[in-house]
Amino acid sequence: MLPMPLPLISMKTNIIKCLSFFFILLFISWFFACKHTPSVDQPKKYSMHLLDMEGKEYIVTTDDLDKGLIKPENVTEALPDTISRNMIVKDGHYYSLQRKSDIFTKYTLKDNQLFAVAHLQLQDYNEENFLWVGKDTLLLSGLNNLSNTAKYYLVNTKEMKVLAKGSLDVQKPQGKFISMSIGFVQKRQDTLFVGYTVHPPIQGGNYTSSDTTYISQLTYPEMKSIGLQKDIRSTYPAGINTVQHNEFTNEQGDFYFMSCPGIAMGNRTDLPTAIFRIKANSSVTDPNYFFNLSSSVISNHAYGLWYVGGGKAIIRSERKDLYKGLSDHYSTPHFEFYLLDIINQKVIKKLDLPLDKGTRKECVLVNGDSVYIAVNSATDGNFIWKYNLKNGKLTKGLQLGGVSAFIVRLDRLLN
C-alpha cells in the first residue's frame, strides 16, 4: 500500500481537530444548559402553603406528615405577589387565578419553586368555586367584575384550553341587593346545583348578606335553569372553595353543605351556622334535616367543614369570647375543632388541640384512618397534628418552623 501524501495527512488531521473542538463545544453547552435549567421535581405526596408575619407566602412539600421539621426559608423562596393561596391542587400541579388579573395559570414545582407551565386568558372573571368533572376537566365558576353575573369556564387542564364558557343561568341580585356570592357548585349526572346568596351595597364598611340561601338547578352542560329553591333557615352557603371547603358528598351520594353567616363571611350573625343536606334522590334541601351548630354545645359560628368518613365530619369553629372583632379575627388564636356525627346531628366531642389562628384555612386532610390537622398555636407552635379515627388518639406530627406563621393550606399533591 502506498503511503498517504503529506497534504492529505495534514487535511485529515485538521478535520479531526475541528470535529473534536465542535464536540467539546457541544458538551460544554449541554453541561451548562443542564446546570442552569431548573429540573422538574419529582412530586411529593403533600403540599403546604405557608404565610409569614410579613405577608410573604411559601409552598413546601413532603412525603411524611407524621414527623420532621421544615423551615420554608431554608428550602424555597417566597412566592411572587401574583400567586395567592387561592389554589387548586391536583396530580402534582397547582392551578390559580393570578392575583388581580384574569390569567389562569398552571404551575409545577422546579427546584422547590412554582414554575408556570401554561396560561389561560379569561375575561371579566373573579373566581368563586371549582369542581373537577373529569380527570382533566375542570369547571370554574365565578362572577364578573361587578359581582352581579355568574359565569363559568370549562377547562381541559392537560392541554390548558377552554372547552366552553358562558353565563350560569341563576337569578341575579334584585331590588336592594346588588352583588352575589357563589358558595358551591355540585354536579349530579346532567344536573348542576349552584348555591349562592346576595348582598346589599357596602355601607360604612359594613358588608352583609340577605337572609336567604338560593339553590339553582341547571342543566349540564347547557347551564340553563330548571329550578330555583329558596331556604331561609340560614344564609351564605359554603364559600370560596379555593380558600376553604365547607361541603362534601358522603358514601351514599348525599350532599352536605354548611352555611357560614359568621362575622368573617356572610356577616349575618343573627342567623345560625348550620349544616344542610340534599339527599341523593332529591333535588332540594331536606326539610327534616338542619344541623344547627350555633344552638348546639358549640354555640358559635364556624368556618370549614371536612368529611372524614363513616358519617363523621370535622368543623372548625370560632370562639367569640376570645376575639374583639374582624380586625383581630385572623391573628387571635380562638379556633376549635369538633368531631360531628353528621347523620344523627350530634356533636361527638371537641378535639383536644391547641387554639388555632387564621380566619379561613384549608387545614384538614384525610388519609384512611388518619386525619391530619394543621394548627398554628401561640403556645405549642405550628404543627401538623394526627388524629386517629379508630382510637381517638391525637399526636404531634410535622413541625413548620422558621418564619412560618400560618399554615393556610394542607393539600394532597399526589394520590
Side-chain angles (χ1 to χ4, degrees), residues 85-88 126-133 138-143 147 150 152 168 170-171 179-188 191-199 207-218 228-250 253-269 271-279 282-286 289-294 300-308 313-318 338 340 342 359-364 409:
R85 54 95 171 254
N86 297 47
M87 286 276 185
I88 304 168
N126 287 301
E127 191 173 30
E128 295 271 300
N129 229 268
F130 75 92
L131 178 70
W132 291 99
V133 294
L138 179 63
L139 176 62
L140 299 174
S141 55
L143 304 169
S147 297
Y152 78 94
L168 295 172
V170 303
Q171 182 174 290
S179 63
M180 62 193 301
S181 296
I182 298 175
F184 67 80
V185 175
Q186 178 67 18
K187 180 178 175 291
R188 283 186 186 167
T191 300
L192 209 64
F193 295 87
V194 182
Y196 57 100
T197 193
V198 292
H199 313 282
Y207 170 89
T208 188
S209 305
S210 77
D211 62 358
T212 304
T213 288
Y214 298 84
I215 303 174
S216 284
Q217 302 164 42
L218 310 180
L228 172 65
Q229 181 191 7
K230 300 178 182 181
D231 196 319
I232 61 171
R233 291 178 292 180
S234 188
T235 190
Y236 208 97
I240 300 174
N241 69 350
T242 55
V243 175
Q244 184 182 62
H245 276 84
N246 289 282
E247 73 288 331
F248 65 85
T249 300
N250 71 359
D254 298 333
F255 177 66
Y256 294 81
F257 66 90
M258 185 170 74
S259 63
C260 300
I263 185 176
M265 291 180 70
N267 197 23
R268 281 297 303 265
T269 55
L271 297 173
T273 291
I275 299 173
F276 295 71
R277 177 173 68 187
I278 302 176
K279 300 190 76 171
S282 177
S283 59
V284 295
T285 53
D286 187 345
Y289 186 96
F290 187 70
F291 193 170
N292 190 329
L293 301 176
S294 297
N300 277 291
H301 289 293
Y303 313 91
L305 169 70
W306 298 271
Y307 189 58
V308 299
I314 287 176
I315 60 109
R316 183 174 179 267
S317 68
E318 66 183 18
Y338 286 85
L340 309 179
I342 289 293
T359 296
R360 291 183 296 164
K361 305 195 302 184
E362 186 64 19
C363 57
V364 176
R409 294 197 68 89

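Worth knowing before you read on, the calculation uses all heavy atoms, side chains too, and leaves out hydrogens, waters and symmetry mates. It should be emphasised that the depicted structure is a prediction, and the values quoted were computed from it without experimental measurement.
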Hey, mind stepping through Tyr256 and Phe291 against ring-ring contact (aromatic ring centres under 6.0 Å, His included) and telling me if it holds? CA-CA 10 Å; Tyr256 294 81; Phe291 193 170; 9.6 Å; no
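Nearest heavy atoms, Val185 versus Leu131: O-CD2, 3.7 Å. Minimum interatomic distance between Ser259 and Thr273 (heavy atoms only, all atoms of both residues): O-CG2, 3.4 Å.
A side-chain donor-acceptor contact under 3.5 Å links Ser294 to the backbone of Asn300. No donor-acceptor pair under 3.5 Å is formed between the side chain of Thr235 and the backbone N or O of Pro261. Between the side chain of Gln244 and the backbone N or O of Tyr303, at least one donor-acceptor pair lies under 3.5 Å. Side-chain atoms of Arg409 come within 3.5 Å of backbone atoms of Thr242 as a donor-acceptor pair (strictly under, hydrogens ignored). Using modelled atom types, no side-chain atom of Ser147 and backbone atom of Ser179 make a donor-acceptor pair closer than 3.5 Å. The closest donor-acceptor contact from the side chain of Arg316 to the backbone of Thr359 lies under 3.5 Å. No donor-acceptor pair under 3.5 Å is formed between the side chain of Arg277 and the backbone N or O of Asp286. The backbone N or O of His245 lies less than 3.5 Å from a partner atom in the side chain of Glu362, making a donor-acceptor pair. The backbone N or O of Leu140 lies less than 3.5 Å from no partner atom in the side chain of Glu127, so there is not a single donor-acceptor pair. With hydrogens and angles ignored, the 3.5 Å screen pairs a side-chain donor or acceptor of Ser234 with a backbone N or O of Pro272.
Going from atom NZ of Lys230 over to atom CD of Gln171 covers 5.0 Å, rounded to the nearest 0.5 Å.
Qualifying salt bridge (Lys or Arg N to Asp or Glu O under 4.0 Å) partners for Arg188, counting only residues two or more places apart in sequence or in other chains: none. Residues that satisfy the salt bridge (Lys or Arg N to Asp or Glu O under 4.0 Å) test with Asp254, not counting sequence neighbours, are absent from this structure.
Checked options Phe130, Phe255, Phe193, Tyr196; the residue passing with Phe184 is Phe255 (criterion: ring-ring contact (aromatic ring centres under 6.0 Å, His included)).
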